[in-house]
A.B. asks: 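Sharing a structure with you now.
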Amino acid sequence: MHLGNARTALFSWAYARRHGGQMVLRIEDTDAERSTQASEDALLAELAWLGLDWDDGPHRQSERAPRHAEVVASLLETGRAYRCICTKEELETRKQATIAAGGKWTYDGLCRDADHGEDAGEHTVRLRLPAEGALAWDDGVFGPSGQDAAEIGDRIIRRSDGGVLYHLAVVVDDLDMGITHVIRGADHHANTPFQLALYAALDAVPPQFAHVPLIVDAKGKKLSKRREDASVGHYRGEGFLPEAVLNWLVRMGWSHGDQEVFSREEVARLFDLDHVGRAAASADPDKLMHLGQHWIKSLPAETLYERMAPFLAAEAGREVPRSPALDQLLDLLRERSHTLVDMASRARFAVVDELVYDEKAAAKHLKKAADPLLAALHDRLAGQDDWGADSLEASFRAVCAEQGDVGLGKLAQPVRVAVTGSAASPGIFETLVVLGRERTMARLAEALHYVRHHAG
RNA sequence: GUCCCCAUCGUCUAGAGGUUAGGACUCAGGCCUUUCAAGCCUGUAACACGGGUUCGAUUCCCGUUGGGGACGCCA
């Protein structure tokens with residue numbers, strides 16, 4: 001699911017929730033080429049992941065083909081639509097000629113009054129637009145909008161293969177499903193007048209339309225569907241929390257004063273079309289990073305474990321059961337992680353058996369100079385009963401004092417590399433507590449061996 | 001090309017005639033400190049341009065420029 005679609009879905013959902021309405025999910029799959037079962041499954045999965053639920057559906061537009069055909073037939077019957085036998089090639093030729101002559105092209109109406117019948121051979125069906133008058137509406141975001149009917153021209157509503165076009169299908173479906181509010185991307189703003197003509201031809205009252213500005217890339221261009229970072233699934237895979245992605249999306253184009261952080265519930269309570277802006281917004285990955293961290297920090301321990309479990313398992317190569325020590329570790333890590341992937345890699349040292357030292361970290365901290373410090377600490381801890389953070393700290397400080405009154409860092413860094421393999425981790429005492437006595441002692445011994453045999 | 005839309009820090013935005021133009025992200029510096037973060041403090045940084053209207057325009061109007069969208073027998 002594209003970021004733009006996701007945000008549109010979010011706004012629609014929020015609007016419905018805020019106003020006590022019903023959210024209807026309809027999949028517009030009349031283009032068989034682009035609509036696959038896989039794409040539909042992905043869409044539903046992403047919606048669920050974001051926590052956006054619906055009250056009705058999913059409906060598939062493709063299943064309503066008979067109804068669409070029926071409506072076209074009745075439009076033909078009443079003369080509000082007509083058969084057109086102009087071929088694509090003829091149309092293209094006339095269009096180019098018109099443009100070359102400096103004119104503006106809309107369908108020239110050649111078949112408009114020709115009254116072609118069912119026996120016309122291969123033909124399309126066009127909607128007959130009023131010769132004059134405006135097709136106007138009051139947009140929920142853009143305000144008064146509209147275009148003269150004469151500028152639009154009679155457009156095709158049924159292809160020569162009998163399939164119906166999107167514009168006809170949406171209008172019929174929205175009418176049949178009793179849709180009262182349509183919130184969609186601003187790329188549809190210019191399509192709305194034609195759809196209004198369709199409502200008029202059907203003697204129906206159109207719903208309220210609100211067009212939300214597009215999401216563009218860093219260069220200001222419309223997000224291409226081919227860009228992998230334009231999809232919700234991409235961020236999900238990166239380990240971002242759905243809470244973060246939703247928060248990120250809702251702030252593109254919508255604001256609520258100075259508030260930056262919104263839970264799904266708050267969005268449902270506060271969302272408002274009045275504060276949707278009109279300018280396109282570009283998606284800023286840095287902001288997502290920040291929100292990612294914020295939401296990881298905010299999750300309850302239990303939820304955090306549930307979200308982390310698959311990422312932890314991937315890192316460890318096995319299921320990692322929840323335990324008090326793991327919860328403690330996750331708590332230490334949540335402040336410094338932007339994504340679940342990030343956090344899992346930081347937790348790696350505690351869930352694997354074989355530690356691999358980060359090359360640079362080992363070169364810098366596991367040097368000969370660390371030997372006496374590490375050895376003294378190892379001996380001292382071997383005789384220590386209390387494995388609490390406070391006693392560990394006392395031991396560290398005692399070793400530093402007796403080894404020439406060195407700074408704590410001189411000891412802490414080598415130990416950090418020894419037990420986590422990395423030069424960066426949570427506080428060293430907490431880290432040792434989480435790791436437990438046995439593994440700490442083993443890793444200290446290994447590091448000592450490394451210092452004596454590999455270090456330069 | 002035609003029609004439509006948009007325009008406040010690099011980015012997301014607040015602002016709806018009178019503000020030291022606010023917040024957030026990013027960036028820089030500082031504090032804290034056993035590392036990495038987090039947190040706290042400070043700083044850099046914006047009303048595209050030109051005309052009006054007005055005692056007074058970021059705010060209203062017009063134009064210019066720039067950007068975007070739509071112009072399909074796609075959705």
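No experiment lies behind these values; they were computed from the predicted model shown. Every chain is numbered from 1 and lettered A, B, ... according to where its sequence line falls, protein lines coming before strand lines.
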A.B. asks: Report yes or no: does A:Ser74 contribute a side-chain atom to a donor-acceptor pair with the main-chain N or O of A:Val71 at less than 3.5 Å?
C.D. replies: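 Checked: pair present.
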A.B. asks: Under a 3.5 Å cut-off for both contacts, is B:A57 paired Watson-Crick or G-U wobble with anything, and if yes, with which nucleotide?
C.D. replies: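 The answer is none; no pair meets the criterion.
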A.B. asks: Which one, B:G23, B:C36, B:U34, comes nearest to the side chain of A:Glu260?
C.D. replies: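 Looking only at side-chain atoms, A:Glu260 lies closest to B:G23.
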A.B. asks: Identify the residue among A:Gln208, A:Arg278, A:His211 that makes a side chain to side chain donor-acceptor pair (under 3.5 Å) with A:Asp139.
C.D. replies: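 Filter result, single survivor: A:His211.
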A.B. asks: Round to the nearest Å and state the distance from A:Met289 atom CE to B:C12 atom P.
C.D. replies: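 So the two atoms are 19 Å apart, to the nearest Å.
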A.B. asks: Hey, would you say the A:His188 and A:Tyr166 ring centroids sit under 6.0 Å apart?
C.D. replies: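 Between A:Tyr166 and A:His188, which both carry aromatic rings, the centre distance is below 6.0 Å.
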A.B. asks: Apply side-chain hydrogen bond (donor to acceptor under 3.5 Å, both in side chains) to the pair A:Asp41 and A:Gln37, showing each step before the final yes or no.
C.D. replies: CA-CA 6 Å; A:Asp41 290 347; A:Gln37 186 60 44; 3.0 Å; yes
A.B. asks: Just compare B:C36, B:A37, B:C3 and give me whichever is closest to any side-chain atom of A:Arg346.
C.D. replies: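 Of B:C36, B:A37, B:C3, B:C36 is nearest to the side chain of A:Arg346.
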A.B. asks: Would you indicate which nucleotide in B:U34, B:A75, B:C3 comes nearest to any side-chain atom of A:Arg416?
C.D. replies: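 Nucleotide nearest to A:Arg416's side chain: B:U34.
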A.B. asks: Which nucleotide wins on minimum distance to the side chain of A:Phe142, given the candidates B:A75, B:C5, B:U13?
C.D. replies: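 The answer is B:C5, which lies nearest to the side chain.
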A.B. asks: Do the non-hydrogen side-chain atoms of A:Asp173 and A:His59 ever get within less than 4.5 Å of each other?
C.D. replies: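 No - every pair of side-chain heavy atoms lies 4.5 Å or more apart.
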A.B. asks: Which nucleotide, in any strand shown, forms a Watson-Crick or G-U wobble pair with B:U65, with both distances under 3.5 Å?
C.D. replies: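 B:A7 - that is the nucleotide pairing with B:U65, both distances being under 3.5 Å.
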A.B. asks: If I take atom CZ in residue A:Arg251 and atom P in nucleotide B:U11, what distance separates them, rounded to the nearest angstrom?
C.D. replies: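 It works out to 15 Å between those atoms.
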A.B. asks: Is the phosphate of B:G23, meaning OP1 or OP2, less than 4.0 Å from a side-chain N or O of A:Gln259?
C.D. replies: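 Result: no.
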A.B. asks: Nearest to the A:Ile156 side chain among B:A38, B:C73, B:A75, which nucleotide is it?
C.D. replies: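 Nucleotide nearest to A:Ile156's side chain: B:C73.
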A.B. asks: Is any side-chain N or O of A:Lys297 under 3.5 Å from a base N or O of B:A38, one able to act as donor and the other as acceptor?
C.D. replies: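 Per atom types, no contact qualifies.
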A.B. asks: Should the side chain of A:Ser425 and the base of B:C36 be counted as holding a donor-acceptor pair, with the cut-off at 3.5 Å?
C.D. replies: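 Counting by modelled atom types and ignoring angles, no donor-acceptor contact under 3.5 Å is found here.
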A.B. asks: Identify the nucleotide, in any strand shown, that forms a Watson-Crick or G-U wobble pair with B:G39, with both distances under 3.5 Å; if there is none, say none.
C.D. replies: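 WC or wobble partner is B:C31.
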A.B. asks: Checking contacts here: which listed nucleotide (B:U26, B:U11, B:U34) is nearest the side-chain heavy atoms of A:Ser282?
C.D. replies: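 Closest nucleotide to the A:Ser282 side chain: B:U11.
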A.B. asks: In Watson-Crick or G-U wobble terms, both distances under 3.5 Å, what is the partner of B:U2?
C.D. replies: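 Because both required distances fall under 3.5 Å, B:U2 counts as paired with B:A70.
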A.B. asks: Are A:Arg159 and B:C74 close enough that a side-chain N or O sits under 4.0 Å from OP1 or OP2?
C.D. replies: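 For B:C74, OP1 or OP2 has a side-chain N or O of A:Arg159 closer than 4.0 Å.
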A.B. asks: Could you check which of B:C6, B:C36, B:A24 has an atom nearest any side-chain atom of A:His290?
C.D. replies: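 Given the options B:C6, B:C36, B:A24, the side chain of A:His290 is closest to B:A24.
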A.B. asks: Can you tell which of B:U34, B:C73, B:C25 lies closest to the side chain of A:Asp284?
C.D. replies: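 Minimum distance to the A:Asp284 side chain belongs to B:C25.
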A.B. asks: What is the distance, to the nearest angstrom, from the CD atom on A:Glu335 to the P atom on B:A37?
C.D. replies: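 For the pair A:Glu335 CD and B:A37 P, the rounded distance is 13 Å.
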A.B. asks: Which whole number of Å gives the distance between the P atom of B:G52 and that of B:G67?
C.D. replies: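 Rounded to whole Å, the distance is 27 Å.
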A.B. asks: Please pick, from B:U34, B:U35, B:G39, the nucleotide with the shortest atom-to-atom distance to any side-chain atom of A:Leu408.
C.D. replies: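 Nearest nucleotide to the side chain: B:U34.
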A.B. asks: Which residue lies toward the 5' end of RNA chain B, A:Glu122 or A:Leu288, if each is placed at its nearest nucleotide?
C.D. replies: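 Between the two, 5'-proximity favours A:Leu288.
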A.B. asks: Using modelled atom types only, decide if a donor and an acceptor are shared between the side chain of A:Asp29 and the backbone of A:Ser62 within a distance under 3.5 Å.
C.D. replies: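 Looks like yes, one N/O pair under 3.5 Å.
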A.B. asks: Of the non-hydrogen atoms in A:Gly407 and A:Cys400, which two are nearest, and what is the gap between them?
C.D. replies: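 Of all heavy-atom pairs spanning A:Gly407 and A:Cys400, the closest is O-SG, 3.8 Å.
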A.B. asks: I need the CG-P distance between A:Leu291 and B:U11, as an integer number of Å.
C.D. replies: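 The answer, rounded to whole Å, is 18 Å.
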A.B. asks: Which parts of nucleotides 62-71 of chain B does protein reach within less than 4.0 Å, heavy atoms only, written one letter per nucleotide 5' to 3' as B for base, S for sugar-phosphate only and - for none?
C.D. replies: -----SSSS-
A.B. asks: CD of A:Gln195 versus P of B:C74: gap in Å, rounded?
C.D. replies: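 Value for this atom pair: 16 Å.
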A.B. asks: Check whether the side chain of A:Arg278 and the base of B:C6 form a donor-acceptor pair under 3.5 Å.
C.D. replies: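 No.
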A.B. asks: With a 4.0 Å limit, can you tell me whether A:Thr87 has a side-chain N or O closer than that to the phosphate oxygens OP1/OP2 of B:C73?
C.D. replies: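 So the side-chain polar atoms of A:Thr87 never come under 4.0 Å of the phosphate oxygens OP1 or OP2 of B:C73.
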A.B. asks: Counting only Watson-Crick or G-U wobble pairs whose two distances fall under 3.5 Å, which nucleotide matches B:A45?
C.D. replies: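 Looking at the geometry, B:A45 pairs with no nucleotide.
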A.B. asks: Roughly, in whole Å, what's the span from CZ in A:Phe396 to P in B:U35?
C.D. replies: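 Interatomic distance, CZ of A:Phe396 to P of B:U35: 14 Å.
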A.B. asks: A:Asp342 CG to B:A37 C1': how many Å, rounded?
C.D. replies: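 It works out to 10 Å between those atoms.
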A.B. asks: Name the closest nucleotide to the A:Ser255 side chain, picking from B:U13, B:C6, B:G15.
C.D. replies: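 Between B:U13, B:C6, B:G15, the one nearest the side chain of A:Ser255 would be B:U13.
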A.B. asks: Could you tell me how far apart A:Asn5 (CG) and B:C74 (C1') are, to the nearest whole angstrom?
C.D. replies: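 To the nearest whole Å, that distance equals 14 Å.
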A.B. asks: Please compare A:Ile99 and A:Trp254 by the position of their nearest nucleotide in RNA chain B and report the one closer to 5'.
C.D. replies: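 Comparing both residues, the 5'-ward one is A:Ile99.
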A.B. asks: Please verify the inter-ring angle class for A:Phe429 with A:Phe396; under 30° counts as parallel, over 60° as perpendicular, anything in between as tilted.
C.D. replies: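 Taking A:Phe396 first and then A:Phe429, their aromatic rings stand perpendicular (interplane angle over 60°).
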A.B. asks: Out of the candidates A:Trp254, A:Phe271, A:Trp248, only one should pair with A:Phe262 under the ring-ring contact (aromatic ring centres under 6.0 Å, His included) rule; please name it.
C.D. replies: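 That would be A:Trp254; it is the only one of A:Trp254, A:Phe271, A:Trp248 passing the ring-ring contact (aromatic ring centres under 6.0 Å, His included) with A:Phe262.
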A.B. asks: Using the side chain to side chain donor-acceptor pair (under 3.5 Å) criterion, which residues pair with A:Ser425? Sequence neighbours excluded.
C.D. replies: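 If we apply the side chain to side chain donor-acceptor pair (under 3.5 Å) test to A:Ser425, skipping adjacent residues, the hits are A:Arg416.
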A.B. asks: What interatomic distance, in whole Å, is found between P of B:A14 and the corresponding atom of B:U59?
C.D. replies: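 To the nearest whole Å, 16 Å.
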